[in-house]
Amino acid sequence: MALILLATVLLVIFFVLPLVLVFSAALGEGWGKVATALTDPEALASIRLTALVALIAVPCNLAFGLAAAWAIAKFTFPGRSLLVTMIDLPFSVSPVVAGLMYVLIFGLQGWLGPWLRLHDIKIIFAVPGIVLVTIFVTLPFVARELIPLMEAQGRQEEEAALLLGASGWQVFRRVTLPNVRWGLLYGVLLCNARAMGEFGAVSVVSGHIRGLTNTMPLQIEVLYNDYNIVAAFAVAALLALLAMVTLIAKSLLAWRLALHGDELI
Amino acid sequence: MQIEMSGIVCRYGETPAVDGVDLTVGEGEFLALLGPSGSGKTTLLRIMAGLEMPEAGGLALAGKNALALPPNKRHIGFVFQNYALFRHMTVARNIAFGLEVRPGSTRPSKQQIRERVAELLDLVQLPGMGGRLPAQLSGGQRQRVALARALAIEPRILLLDEPFGALDAKVRAELGEWLKALHKRLGLTIVFVTHDQEEAMNLAQRIVVMRRGRIEQDDAPARLYAEPASAFVYDFLGAANRLPCRVEGSRAYLADGTGFDLPASIRPSEATRSSLWFRPHQVALEPTPDTAGTWLPGTVRDIIAAGPHVRILLDHAGASIAALLPAEELPPGLTIGSLCHWSPQSWRVYGDI
């Protein structure tokens with residue numbers, strides 16, 4: 001009982017209270033200010049950029065995660081455990097280091113710098129760089145969600161489908177994919193939340209060009225450093241809202257999984 | 001459809017799972033692959049289906065080379081040990097799967113598929129269950145759905161991996177009888193894998209006993225039981241008593257000098273160590289032998305009443321001998337500790353493995 005109380009108090013102090021504060025700080029001077037802050041061209045640009053980055057990064061990692069989990073869970077091949085380790089790499093490497101790695105490769109002084117400059121391709125301090133680091137940072141989410149699920153399900157249903165005459169694509173479409181659909185959605189939600197919220201790695205490669213390469217988290221920092229508190233918290237509140245929607249969707253999914261157990265997983 | 005396998009070798013890593021098997025299953029035959037776990041029987045079945053690729057050897061289905069044929073082109077019905085039903089599909093969708101995945105021109109209409117599913121549900125005695133999910137079915141029902149799903153594509157070959165292993169005795173016997181009737185009616189070629197010799201004896205027309213990736217014996221059930229080819233087969237087919245012996249000429253001698261005539265078909269080498277094998281129900285008991293014959297002494301160690309039979313455990317010169325008698329034939333006065341004479345009525349002699 002005391003433990004539950006302690007947990008609740010800690011939860012309120014560390015989780016609920018800050019969230020409430022974000023919203024109250026944003027709304028402190030009324031809805032009008034929030035609306036102005038969010039319709040500011042720079043803020044709008046950052047919202048659009050964040051959406052664009054998530055829109056590219058999430059499908060990329062959906063495809064990669066599915067392919068990697070399928071290969072790892074259903075087959076044994078040389079380099080399998082290496083692939084598992086590689087998938088975890090973005091979790092273990094600090095996002096700032098991840099950003100720096102990309103600068104070292106694609107930056108002006110980097111490996112591919114001269115070549116990129118020759119062909120007039122800009123990656124670092126531009127949108128492609130932001131997309132690339134976001135893909136890197138969010139790479140494990142889908143795969144990590146699917147590997148244990150697919151491993152637990154084994155290969156037999158796929159084998160049964162094959163023996164009934166299904167083609168490889170039909171097996172994937174009709175058996176493999178439906179069997180992992182909820183886990184997949186769960187992974188995508190987590191991946192999306194991180195793609196929208198990533199700060200460190202994006203900060204390194206973005207160059208902080210206002211209205212061009214600032215994602216929402218970067219825009220929040222810029223506004224905050226400008227002492228534009230209301231605007232900073234308005235954007236922060238929007239980002240928090242997106243995160244909360246994701247979280248609620250995730251909980252609904254988890255609840256649904258628990259309710260229906262095996263059959264729906 | 002006839003299945004012909006020749007010189008099949010299949011390895012997992014270093015250890016061969018199947019180590020040079022030649023086997024022909026005739027059109028319409030009902031064959032059991034019998035063996036302990038790790039004997040290669042399931043691997044052999046998976047090779048027939050195309051789920052494993054052998055390292056060496058040939059496979060022909062209906063006289064045509066089938067090794068190059070992927071599993072989805074072999075048109076073989078396969079029932080997995082744990083059924084492998086599609087968990088997210090209803091029973092009806094499971095059964096319809098093999099029809100729904102056919103390419104456009106050969107795919108039956110929705111109406112035809114519905115009718116076929118209803119027909120198959122009747123066949124496996126699950127009418128009206130089409131709307132359920134696999135998780136809502138009992139083990140026996142799942143097995144029936146797996147059978148219906150495999151039969152939906154009208155295969156000429158049906159392969160079953162430990163089909164009744166996970167079911168309780170009553171359901172097992174029922175499904176076994178049903179499968180036998182189905183075989184008679186459809187004339188399918190059926191191969192099933194089992195480690196249960198009783199199941200193999202009850203169902204199959206022919207039993208192939210496997211050991212360490214090789215065929216140990218290939219015979220009709222009655223002959224297999226009457227004349228096991230080796231000590232391994234004898235031991236595998238049921239409870240067995242074993243006493244070490246040596247072979248001299250046409251007789252086998254126990255350590256105490258008691259001699260037994262060798263059965264006509266047996267010629268174990270005199271040089272190697274051999275054993276005399278006999279089954280518990282082939283042991284006769286007499287407290288005081290008055291008939292002629294070979295009687296050996298023993299001390300009753302335990303008497304176990306098991307339904308219509310009584311199991312008696314005897315000590316004989318340090319070895320344990322089991323005898324199985326109909327309950328009414330238990331000699332009166334026989335109790336634990338009493339002296340008694342016993343005699344094998346039938347026996348086999350094999351060189352030790």
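Every chain is numbered from 1 and lettered A, B, ... according to where its sequence line falls, protein lines coming before strand lines.
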* So, do B:Thr194 and B:Leu33 sit near enough that their side-chain heavy atoms are less than 4.5 Å apart? -> no

* **Geometric cation-pi criterion B:Arg149 and B:Phe86, 6.0 Å radius, 45° cone** => yes

* Taking the six-membered ring where the residue is Trp, are the ring centres of A:Phe91 and A:Phe141 under 6.0 Å apart? -> yes

* Sub-6.0 Å ring centroid separation between B:Phe192 and B:Phe164 -> no

* Going by distance alone, is a donor N or O of one side chain under 3.5 Å from an acceptor N or O of the other, for B:Glu115 and B:Gln111? -> yes

* Largest heavy-atom contact set with chain B, pairs under 4.5 Å, which of A:Val175, A:Val171, A:Leu163 -> A:Leu163

* Structure fact -> Assert top hit (heavy-atom pairs under 4.5 Å, partner chain B, pool A:Ser167, A:Gly154, A:Ala160, A:Gly168) equals A:Ala160

* Under 4.5 Å heavy-atom distance to chain A, tell me which part of B:Leu85 shows up: side chain, backbone, both or neither. => backbone

* Could you tell me which portion of B:Ile76 (side chain, backbone, both or neither) has an atom closer than 4.5 angstrom to a non-hydrogen atom of chain A? => backbone

* Can you say whether A:Arg155 sits under 4.5 Å from chain B via the side chain, the backbone, both, or neither, judging by heavy atoms? -> neither

* In terms of heavy-atom pairs under 4.5 Å with chain A, which of B:Glu100, B:Lys73, B:Arg74 leads? -> B:Glu100

